[in-house]
Q: 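The structure's right below; bear with me while I get my questions together.
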Amino acid sequence: MDNKKVVTRFPPSPTGYLHIGGARTALFNWLFARKHKGKFILRIEDTDQARSSEEATNAILESLRWLGLDWDEGPYFQSRRYHIYREYLEKLLASGKAYYCHCTPQELEERRKQAMAKGLKPKYDGKCRNLGLGPAPHAVVRLKAPQTGKTSFNDLVKGPISFNNEELDDLVLWRSDGNPTYHLAVVVDDITMGLTHIIRGDDHVNNTPRQIMIYQALGEPLPYYAHVPMILGPDRTRLSKRHGATSVLAYRDMGYLPQAVLNALARLGWSYGDQEKFSIDELIEKFSLEHVGKSPGIFNAEKLLDLNAQYIRESDTGYLTRTVIPFLEKRGLKNLDETKVARAVETLKIRSKTLDEMAEGSLFYFQDEISYEEKADRKFLKPNILGLMEEILERLEKTEVFSQKSLEKVFLDFIEEKQIKLGKIAQPLRVALTGKSASPGLFEVMEILGKEKVLERIRKALTHIARKT
RNA sequence: GGUCCCAUCGUCUAGCGGUCUAGGAUACCGGCCUCUCACGCCGGAGACACGGGUUCGAUUCCCGUUGGGACUGCCA
């Protein structure tokens with residue numbers, strides 16, 4: 001097995017969107033496969049007909065694509081592979097490793113209760129185990145599991161794990177409705193697809209001995225197991241919808257960059273010394289199961305936000321421009337001039353934590369009319385500034401070249417003459433031009449807005465202030 | 001309840017017996033820079049759950065306690 005090509009998989013069940021935890025499992029499998037030049041398979045586990053949906057499948061595929069986690073094979077759908085599971089089931093039946101069980105769910109429920117009442121384990125009591133029953137309308141097929149001894153495996157992240165077989169019971173392999181159960185389908189798929197490494201959430205640790213028993217009953221070699229700790233919500237319970245934004249697509253829609261999400265996910269549970277930032281290539285190069293931690297972690301949304309801000313700061317302006325445009329359009333802006341968007345992006349890169357924030361912060365560049373933030377209006381657009389503003393308007397009217405450099409000169413000369421601080425005039429002007437008290441640098445704003453727009457907005461502010469007197 | 005897993009700053013984590021008066025990141029608090037907001041820089045506060053061993057020496061190894069999580073389905 002050691003010299004065999006590595007094969008990993010991501011097997012979501014399409015019962016909902018892809019959440020952070022699932023995405024991390026997918027990422028680890030993907031990284032491990034890429035690192036070892038192996039194969040990464042996508043498999044949709046839709047044996048639960050009632051809960052599976054096509055929308056969920058599509059959302060999962062879209063999430064993986066957005067993250068850039070490409071698969072080499074699949075997506076396979078378990079619902080289309082029943083003949084294979086059936087074939088393996090027959091093998092087990094033929095070899096006496098599995099048997100038909102005629103107990104009804106109600107009977108089982110009853111006996112489970114009784115066992116609990118007596119303080120015994122609520123497991124299947126093995127009633128039909130040696131009855132030699134055949135198929136029947138509501139029969140299920142169970143694995144004839146070993147009842148003594150131990151089932152052990154060496155987990156690649158947790159180390160040796162062992163279970164007493166007395167703890168386990170004869171699990172159902174085939175349901176009375178004619179469908180395979182999860183355990184059978186998983187094991188048969190993993191065998192037939194040639195899986196070498198099973199990297200999954202540690203909520204599966206307890207399932208592992210059952211699955212190992214199926215491998216053994218089938219006489220198949222075991223894969224390596226690596227159980228990654230769960231991701232918890234802030235209340236330390238398993239991450240779920242209750243914890244707010246947990247879906248990958250939600251982060252996309254909030255204006256996160258896929259690299260930032262990937263980076264954050266990788267660092268949740270895995271580490272490489274003190275390094276915090278990794279490019280995809282670096283992740284592939286440096287990822288290893290040995291450095292995956294054993295303890296569960298809480299998803300740190302603040303840190304992701306900061307990482308996102310860093311990636312935005314460092315991203316190529318052209319790329320940011322293309323990705324921010326949908327966020328501007330979402331705000332009703334049409335026919336955007338890409339060159340102008342790029343210039344706006346250039347000024348907002350270092351002050352935006354998300355693309356959504358960037359879009360919000362750049363609205364004033366594109367709107368015909370801006371509105372003043374109430375507080376900013378009250379604080380800076382006061383009558384006492386009228387004089388200075390009129391004077392600077394005059395100078396700007398006379399300024400031919402509206403470049404940052406020349407504008408800066410105009411202002412420096414102006415404050416020198418007037419013996420005032422730049423802030424004195426800069427803040428009121430900022431509000432006049434952007435509507436806000438915080439914005440990119442005044443001169444870059446003016447350059448991008450252009451002379452015409454700048455003059456227009458200053459004049460508008462002047463009438464606005466005049467009305468207050 | 002039973003089984004299994006886990007336990008370093010609020011959070012993510014480094015640490016694989018002495019290098020630890022425990023390092024980084026984030027968030028928080030000061031300061032500097034400055035036309036605002038950011039960025040950047042400097043500084044601050046903040047953790048080895050507890051109790052036994054093993055050892056010359058434990059954050060690191062073993063056991064127990066406590067705490068947390070997962071599983072306990074004809075769901076995956």
Side-chain angles (χ1 to χ4, degrees), chain A residues 11-15 45-48 50-52 78 101 103-105 108-109 112 116 119-124 138-142 155 158-159 161-164 166-169 171-177 179-183 185-186 201-210 227 229-230 232 234 236-238 264 267-277 290-291 293-307 309-310 313 348-353 361 376 380 408 411 415 421-431 434 436-443 445:
Chain A
S13 63
T15 53
E45 307 212 326
D46 57 349
T47 53
D48 185 346
R51 297 199 308 149
S52 299
Q78 290 190 324
C101 168
C103 299
T104 65
L108 293 173
E109 182 57 28
R112 248 196 294 272
M116 293 270 258
L120 299 171
K121 298 176 201 314
K123 58 179 204 178
Y124 179 64
H138 298 291
V140 299
V141 177
R142 288 182 185 272
D155 195 278
K158 304 217 181 230
I161 299 178
S162 181
F163 294 81
N164 279 116
E166 294 95 88
E167 301 297 334
L168 283 358
D169 60 4
L171 72 158
V172 173
L173 298 173
W174 204 266
R175 296 182 202 141
S176 57
D177 66 359
N179 293 319
T181 60
Y182 160 71
H183 290 294
V186 163
D202 73 2
D203 48 333
H204 285 288
V205 170
N206 290 289
N207 288 329
T208 306
R210 299 172 195 285
H227 288 98
M230 307 250 75
L232 274 25
R236 297 202 158 277
T237 63
R238 190 180 173 152
R267 281 288 287 108
L268 216 197
W270 173 79
S271 61
Y272 189 81
D274 281 341
Q275 189 171 343
E276 296 285 348
K277 281 188 71 198
E290 294 84 76
H291 284 101
K294 296 182 187 185
S295 50
I298 295 171
F299 178 61
N300 192 340
E302 288 171 338
K303 207 161 169 172
L304 168 59
L305 186 62
D306 176 72
L307 258 183
Q310 291 190 45
R313 247 175 265 149
L348 285 154
K349 268 163 102 163
I350 60 165
R351 48 201 114 217
S352 306
K353 289 180 189 290
F380 296 112
E408 190 170 356
F411 276 77
I415 63 168
K421 284 195 175 172
L422 183 54
K424 171 94 175 156
I425 183 71
Q427 278 307 85
L429 261 182
R430 186 185 314 282
V431 179
T434 70
K436 293 177 287 195
S437 55
S439 81
L442 200 57
F443 309 128
V445 164

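Just so we're on the same page: letters track the sequence lines, and every chain starts at 1.
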Q: With distance as the sole criterion, do the side chain of A:R351 and the base of B:rC39 form a donor-acceptor contact below 3.5 Å?
A: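 There is none.
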
Q: Cut-off 3.5 Å, side chains only: do A:R313 and A:Q310 have a donor facing an acceptor?
A: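 A:Q310 and A:R313 do not have a side-chain donor-acceptor pair below 3.5 Å.
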
Q: For residues A:K123 and A:D169, report the shortest heavy-atom separation together with the two atoms involved.
A: CB-OD2, 3.3 Å

Q: In whole angstrom, give me the gap between the C1' atoms of B:rC71 and B:rA14.
A: 31 Å

Q: Where each residue is assigned the nucleotide of RNA chain B containing its nearest heavy atom, which of A:R267 and A:M116 is assigned the position nearer the 5′ end?
A: A:M116

Q: Looking only at side-chain atoms of A:S439, point me to the closest of B:rC4, B:rA70, B:rU36.
A: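 The answer is B:rU36, which lies nearest to the side chain.
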
Q: Look at A:S176 and B:rC74 and indicate whether a side-chain polar atom (N or O) is within less than 4.0 Å of OP1 or OP2.
A: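 No, A:S176 has no side-chain N/O under 4.0 Å of OP1/OP2 on B:rC74.
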
Q: Strictly below 4.0 Å: does A:R236 bring a side-chain N or O up to OP1 or OP2 of B:rU11?
A: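 Checking B:rU11 against A:R236, a side-chain N or O does come within under 4.0 Å of OP1 or OP2.
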
Q: Output the single nucleotide from B:rC74, B:rU36, B:rC4 whose closest atom is nearest the side chain of A:R430.
A: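 Given the options B:rC74, B:rU36, B:rC4, the side chain of A:R430 is closest to B:rU36.
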
Q: Report the nucleotide, chosen from B:rU13, B:rU72, B:rG23, that has the shortest atom-to-atom distance to any side-chain atom of A:P122.
A: B:rU72

Q: If you measure from the Lys or Arg side-chain nitrogens to the Asp or Glu carboxylate oxygens, is any gap between A:K121 and A:E166 under 4.0 Å?
A: no

Q: What's the closest nucleotide to the A:I161 side chain, out of B:rC74, B:rU36, B:rC4?
A: B:rC4

Q: Of all the nucleotides listed (B:rC35, B:rU11, B:rU26), which has the minimum atom distance to the side chain of A:L442?
A: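 Shortest atom-to-atom distance from the side chain points to B:rC35.
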
Q: Which one, B:rC35, B:rC12, B:rA14, comes nearest to the side chain of A:L268?
A: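 Nearest to the side chain of A:L268 among the choices is B:rC12.
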
Q: For atom C1', what is the distance between B:rG68 and B:rC32, given to the nearest Å?
A: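 Taking atom C1' in both B:rG68 and B:rC32, they lie 43 Å apart.
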
Q: For B:rA47 and B:rU60, measure between their C1' atoms and round to the nearest Å.
A: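 Their C1' atoms lie roughly 15 Å apart.
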
Q: Nearest to the side chain of A:K294 - B:rC12, B:rC6, B:rC37?
A: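 Given the options B:rC12, B:rC6, B:rC37, the side chain of A:K294 is closest to B:rC6.
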
Q: Provide the distance between the two C1' atoms, one in B:rC48 and one in B:rC61, to the nearest whole Å.
A: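 Result for the C1' pair: 16 Å, nearest Å.
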
Q: Can you identify which nucleotide, out of B:rG24, B:rU72, B:rG40, has its nearest atom closest to the A:R313 side chain?
A: B:rG40

Q: Could you tell me whether the phosphate oxygens of B:rG68, OP1 or OP2, come under 4.0 Å of any side-chain nitrogen or oxygen in A:S295?
A: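 No, A:S295 has no side-chain N/O under 4.0 Å of OP1/OP2 on B:rG68.
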
Q: With a cut-off of under 6.0 Å to the ring centre and 45° to the axis, is A:R142 in cation-pi contact with A:Y124?
A: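 Here A:R142 passes the 6.0 Å and 45° test against A:Y124.
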
